[in-house]
Asks: 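Before I ask anything, here is the structure I am working with.
All heavy atoms count here, side chains included; hydrogens, waters and symmetry mates do not.
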Amino acid sequence: MEQKAYAVLKSVFGYDALRSGQQPLVEAVLDGRDALGIMPTGAGKSLCFQLPALCLPGITLVVSPLISLMRDQVMSLVQQGVAAAYLNSSLTPGQYAKATANLQAGKYKIVYVAPERLLTDRFLWALEGLDISFVAVDEAHCVSQWGQDFRPAYLQIADFIDRLPHRPPVAAFTATATPKVRQDILQLLRLHQPETVVTGFDRPNLRLRVLQPQNKNQALLELLEQFEGQSGIIYCSTRKQVEQVHALLVQKGFSAARYHAGLEDAERHAAQEDFLFDRAQVIVATNAFGMGIDKSDTRFVIHYNMPLDLESYYQEAGRAGRDGEPAECVLLYSGQDVRLGQFLIEKSAEAHEDEEDPETAAQLKARAEDRLRRMTWYCHSRRCLRAELLGYFGQKAAPVCGNCSVCLGEGSAVRAADAPRPARQPAPRKAMAEGPADEALFQKLRTVRAELARRQGVPAFVVFTDATLRQMSILAPTDRAGLLQVSGVGEEKARRYGEEMLQAIREYRQEHP
């Protein structure tokens, strides 16, 4: 990889090196070749397109499916001193006109755009005369009707690229792709002999648990007491269930927001903001609270109902622990969930019966029913849950992970006597999270970060992630040079926030010589 890329990696993003899966993807794009990255959530997919975007001469377009995803990534880039913007339906006509004017004036390096806008006359006109040096497709599984998040507008991406004056390198990224979906990505995006990297789907920092409680509400309240003071998501299968669970939590005094498609836009937006900015500890949501949520310090995800398929479960549970710190994924299963899943599949098939020919409709319904069966098997599994999940995505795994409810012999889904003995018993969650860090200093830095975030009007994790703060509390730097050695601290963040973080560390070291 060229020297310039390493310099940008350090100065902008604050990292000394790329992870093993990232390097070949970045190098391919910088060499002008296509790329396909299938990497688990939290593995640094966005860096694989943001880094080459800053090294290439022209503008990079990032096709992204959700407004919240675009907004969060642009917010983070701006905090790092990168000229970035997004074009989607959340902008007023005036804001959209200003953003397109800035785009035409060459003021942006990275522009996020919704797939529906690509072939509009207005967008194509805005690109005239500009050097588009790279196109990245995020959440690329949306192009496949065999995936759980099919988005018809993704089928327009290849046609849009063909209309550009010269074809730039194209890179596609996803965290959830079965072999069939992977084939669709290659074919439907018309990738040219891409550098393909599949880093595996394992997230070792996530503890996977399936419980079959007699009373789900009681089990949920007990879990939330364990997770006191931590951020988390509770997923429910229906809007009615969201309302009931949210009402229960509010009645019991928990700080909770709710999110589903039946709410007004303003209320959904307010709920999302409350969760992102830590004004609500938990958010109770349907899967409408989608893949665009990138709150890296989410410490737990609880599924109140079983999802319809393992792809959805992997994606939703994977919103926990994106910063690499330990996190919990708990599924509260009951037999009623299977009946509810079958009902939802029937309703979906009825809703789309006019849009597809009978043969395709029957195929899609049968595929959905098969995925529901696989999801149900997971909930009843007497073998390692991690091995079950990874096997579904075609990845081999050790028979015992030591960090799931089966391997740990807990919960009513499996009796301790039936569970394989774990190779290693993991440390308790809190101790595992602490490592060698000074916990008191870590908490002090979190308080300073919260104040900096409030002043900037951004979520706390956008200022620094928990993982960065934890390393900061281990190294305890007292000058700018030392601060820049902390992973995740680039030049711009050191300029914006460095002095106040250093001052907090100096004060702490005086108090605790």
Side-chain angles (χ1 to χ4, degrees), residues 21 25 34-41 43 45 48 63-66 115 136-159 161 170-203 287 290-291 306-318 341-342 344-345 348-349 352-353 355-379 381 385-397:
L25 295 167
D34 287 0
L36 170 61
I38 298 169
M39 310 162 82
T41 304
K45 289 189 299 294
C48 294
V63 183
S64 183
L66 288 172
V137 182
D138 204 6
E139 309 293 352
H141 63 276
C142 292
V143 78
S144 173
Q145 68 172 346
W146 295 103
Q148 81 284 8
D149 288 312
F150 176 52
R151 181 88 164 245
Y154 263 61
L155 297 172
Q156 301 174 3
I157 294 172
D159 291 339
I161 290 165
V170 180
F173 299 91
T174 180
T176 50
T178 59
K180 170 65 179 160
V181 171
R182 196 178 310 172
Q183 198 54 45
D184 274 357
I185 293 170
L186 290 170
Q187 182 185 338
L188 297 171
L189 293 179
R190 301 203 279 272
L191 298 179
H192 295 178
Q193 297 181 311
E195 174 74 35
T196 300
V197 173
V198 182
T199 59
F201 295 89
D202 193 12
R203 299 274 308 282
N287 62 5
M291 58 193 151
M306 180 185 76
L308 295 181
D309 49 70
L310 279 162
E311 290 98 332
S312 299
Y313 180 67
Y314 178 82
Q315 194 173 66
E316 290 160 11
Q342 190 62 52
L344 293 172
I345 290 170
S348 177
H352 294 97
E353 63 187 358
E355 299 170 20
E356 284 132 0
D357 65 85
E359 188 178 345
T360 303
Q363 276 185 336
L364 291 174
K365 184 175 177 228
R367 174 74 175 142
E369 288 171 339
D370 181 57
R371 291 202 301 242
L372 181 65
R373 271 192 295 276
R374 296 293 296 270
M375 184 73 242
T376 309
W377 294 345
Y378 173 85
C379 293
S381 179
L385 295 181
R386 198 173 306 275
E388 287 280 7
L389 195 57
L390 297 180
Y392 179 76
F393 290 107
Q395 181 181 338
K396 288 186 174 156

Asks: Rounded to the nearest 0.5 Å, what's the gap from CD on Glu311 to OH on Tyr392? Could you check?
Replies: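 Nearest 0.5 Å value for the CD-OH distance: 3.0 Å.
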
Asks: Can the ring centres of Phe393 and Tyr314 be said to be less than 6.0 Å apart?
Replies: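 So the answer is yes for these two rings.
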
Asks: Do you know which two heavy atoms are closest between Phe150 and Val143, and how far apart they sit?
Replies: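 Shortest heavy-atom contact: CE1-O, 3.7 Å.
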
Asks: Measure the CZ-NZ distance between Arg367 and Lys180 for me, rounded to the nearest 0.5 Å.
Replies: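 Answer for the CZ-NZ pair, Arg367 versus Lys180, is 9.0 Å.
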
Asks: I need the minimum non-hydrogen distance between Ala397 and Ala387, along with the two atoms involved.
Replies: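 Looking at all heavy atoms of both residues, the shortest contact is CB-CA, 3.9 Å.
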
Asks: Please report the interatomic distance CG(Leu308) to CE(Met306), rounded to the nearest 0.5 Å.
Replies: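 The CE atom of Met306 is 7.5 Å from CG of Leu308, to the nearest 0.5 Å.
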
Asks: Looking at every non-hydrogen atom in both residues, tell me the closest pair between Ala368 and Ile345 and how far apart they are.
Replies: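 In terms of heavy atoms, the two residues are closest at O-CD1, 3.6 Å.
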
Asks: Looking at CZ of Phe173 and CD1 of Ile38, how far apart are the two atoms once the value is rounded to the nearest 0.5 Å?
Replies: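 Between atom CZ of Phe173 and atom CD1 of Ile38 there are 11.0 Å.
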
Asks: Atom OG in Ser144, atom CD in Gln183: separation rounded to 0.5 Å?
Replies: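 Output value for this atom pair is 10.5 Å.
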
Asks: Taking all non-hydrogen atoms of both residues, which atom of Gln315 and which atom of Glu139 are closest, and how far apart?
Replies: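 That would be NE2-OE1, 4.0 Å.
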
Asks: Looking at Arg203 and Gly318, would you say the former's side chain and the latter's main chain have a donor-acceptor pair under 3.5 Å?
Replies: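 Here the side-chain-to-backbone pair exists.
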
Asks: Checking the side chain of Thr376 only, and the main-chain atoms of Leu372 only, is there a donor and an acceptor separated by less than 3.5 Å?
Replies: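 Side chain of Thr376 to backbone of Leu372, a donor-acceptor pair under 3.5 Å: yes, one is there.
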
Asks: With sequence neighbours excluded, what pairs up with Arg386 under the salt bridge (charged side-chain N to carboxylate O under 4.0 Å, His left out) test?
Replies: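 Listed in chain order: Asp202.
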
Asks: When rounded to the nearest 0.5 angstrom, what is the spacing between CG in Leu310 and CE in Met375?
Replies: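 Here the interatomic distance stands at 4.5 Å.
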
Asks: Heavy atoms only: give me the nearest Arg151-Pro65 pair and the separation to one decimal.
Replies: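 Closest approach of Arg151 to Pro65, heavy atoms only: NH1-O, 2.7 Å.
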
Asks: Just jot down the side-chain hydrogen bond (donor to acceptor under 3.5 Å, both in side chains) partners of Glu369, sequence neighbours excluded, or say none.
Replies: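 Expected list: Gln342.
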
Asks: Where is the tightest heavy-atom contact between Ala35 and Leu25, given as atom of each residue plus distance?
Replies: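 Shortest heavy-atom contact: CB-CD2, 3.8 Å.
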
Asks: Cut-off 3.5 Å, no hydrogens considered: what does the side-chain donor-acceptor table look like for residues 186-201, sequence neighbours left out?
Replies:
{"residue": "Arg190", "atom": "NH2", "partner": "Asp159", "partner atom": "OD1", "Å": "2.9"}
{"residue": "Arg190", "atom": "NH2", "partner": "Asp162", "partner atom": "OD2", "Å": "2.7"}
{"residue": "Glu195", "atom": "OE1", "partner": "Arg33", "partner atom": "NH1", "Å": "3.3"}
{"residue": "Thr196", "atom": "OG1", "partner": "Pro194", "partner atom": "O", "Å": "3.4"}

Asks: Could you give me the CA-CA distance, side-chain angles and deciding distance for Arg374 and Asp309, then say whether side chain to side chain contact (heavy atoms under 4.5 Å, CB included) is met?
Replies: CA-CA 7 Å; Arg374 296 293 296 270; Asp309 49 70; over 6 Å; no

